[in-house]
Protein chains: 2
Amino acid sequence: MPTELRRPERTFTIRQLCTEFKATPRALRFYEDKGLLTPARDGMNRVYSYKDRARLILILRGKRVGLSLQEIREIFELYGEEDEVMAQNAHSLKKFKEKIVVLEQQREDIDGAIAELHEACERLERHLADKRPDLLPKAADYDQMMRARVDGHNEPVAAK
Amino acid sequence: MPTELRRPERTFTIRQLCTEFKATPRALRFYEDKGLLTPARDGMNRVYSYKDRARLILILRGKRVGLSLQEIREIFELYGEEDEVMAQNAHSLKKFKEKIVVLEQQREDIDGAIAELHEACERLERHLADKRPDLLPKAADYDQMMRARVDGHNEPVAAK
DNA sequence: GCGATGCTTGACGTTGACGTAAAGGGCATT
DNA sequence: AATGCCCTTTACGTCAACGTCAAGCATCGC
């Protein structure tokens with residue numbers, strides 16, 4: 001456990017946090033503008049404490065689970081310093097539940113799409129068998145590709 | 001099977017399609033603007049054929065599975081009339097796969113959140129047991145609430 | 001003829017989360 | 001002294017997918 005990051009005197013520049021979390025300075029200033037961060041200053045320059053860093057982590061995690069900056073701020077405002085983490089966790093779970101509902105709707109669409117796809121394939125196959133039997137191998141390939149996609153046995157989530 | 005809707009002479013006004021699919025006229029005109037629909041005209045007025053209607057269905061379904069209008073247009077442009085449906089199905093499946101990747105990332109976040117939540121609960125309990133044993137019942141309630149959320153046994157997705 | 005509807009086009013507004021450019025201070029190296 | 005880099009602020013731009021007027025035909029029933 002890196003107590004290093006917990007030591008109160010440990011501070012961060014804006015760029016340090018940006019590179020650590022793959023954010024941009026503009027984004028951090030934007031969060032500050034929206035009242036999500038309030039780093040100290042050294043002259044003009046922002047100085048982020050380990051607490052600010054923890055908050056930033058919460059902000060980014062909140063975003064990933066689908067919270068808007070507005071919602072995140074409300075969480076921060078509603079609950080005191082003490083258990084921001086716990087409060088956001090509760091919210092995150094709620095949001096996640098909602099997202100699951102949306103996903104189930106989408107899965108229905110997908111299921112419909114898959115059904116149509118199979119039907120279309122069959123139609124096409126019958127059509128080809130009738131008119132252009134010479135093209136049948138290709139159609140079989142296409143169908144095979146689709147089945148593979150559905151089963152998820154190929155393309156190990158190719159990078160980028 | 002409602003051949004009614006397949007008969008070429010069957011046409012639709014903008015409002016008919018809007019009410020059927022719960023869209024707005026503005027939206028349909030917007031899709032047209034973006035080259036996704038090209039209804040005929042009767043004087044000034046748009047006249048949607050059953051083909052236009054089929055395309056609209058594809059547009060809406062595409063949106064539901066996470067395609068942007070731009071992407072939908074590309075599908076329409078790339079593949080001819082013939083198998084728009086099949087083309088979009090392939091795209092939809094791809095998009096859905098990508099979405100699953102994102103979701104798995106989010107699930108990781110959620111898992112982390114849950115872990116933190118439990119840890120925090122335990123810390124709090126120990127703290128209370130030590131300093132304010134009188135408050136322990138309430139803490140137990142809170143913990144109970146959280147467990148309920150996680151298990152998903154309450155709040156039957158209350159309607160708006 | 002008149003108002004109510006429903007259609008049209010055009011143009012500007014909205015929301016969220018920043019991007020991007022302009023203009024400048026501060027500090028270090030050359 | 002000049003260059004370069006990082007920081008700052010202010011302010012306007014962007015993107016998607018429409019919403020929201022505004023202004024104007026056209027048709028209907030009365």
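This structure is a prediction, so every number in the text was calculated from the model and none was measured. By convention in this document, chain letters (A, B, ...) are assigned in the order of the sequence lines, proteins followed by strands, and residues within each chain are numbered from 1.
Under the rule for a side-chain contact (heavy atoms from CB on, under 4.5 Å), T38(B) has no partner lying at least two apart in sequence or in another chain. For A23(B), the side-chain contact (heavy atoms from CB on, under 4.5 Å) criterion is met by L28(B), not counting sequence neighbours. I57(B) meets the side-chain contact (heavy atoms from CB on, under 4.5 Å) test with F21(B), R53(B); sequence neighbours excluded. With sequence neighbours left out, the side-chain contact (heavy atoms from CB on, under 4.5 Å) criterion links E74(B) to Q70(B).
Exactly one residue among Y31(A), Y48(A), F12(A) makes a side-chain contact (heavy atoms from CB on, under 4.5 Å) with P39(A). That residue is Y48(A).
Among residues at least two apart or in separate chains, salt bridge (Lys or Arg N to Asp or Glu O under 4.0 Å) pairs with a member in residues 24-35 of chain B are E32(B)-R41(B), E32(B)-R46(B).
Mapping heavy-atom proximity under 4.0 Å, the span of DNA chain C touched by chain A runs 5' to 3' from dA17(C) to dT20(C).
A donor-acceptor contact shorter than 3.5 Å is absent between the side chain of N45(A) and the backbone of D42(A).
Comparing N45(A) and N45(B) by the nucleotide of DNA chain C whose heavy atom lies nearest to each, the residue mapping closer to the 5' end is N45(B).
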Revision key, fill the gap. Per-nucleotide protein contact along nucleotides 10-28 of chain D, 5' to 3', at a 4.0 Å heavy-atom cut-off (B base, S sugar-phosphate only, - neither), is -B-----BBBB--------
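Counting any heavy atom pair closer than 4.0 Å across all strands shown, R29(A) reaches a base atom.
Heavy atoms only, all atoms of each residue included: C18(B) and P25(B) are closest at SG-N, 3.3 Å.
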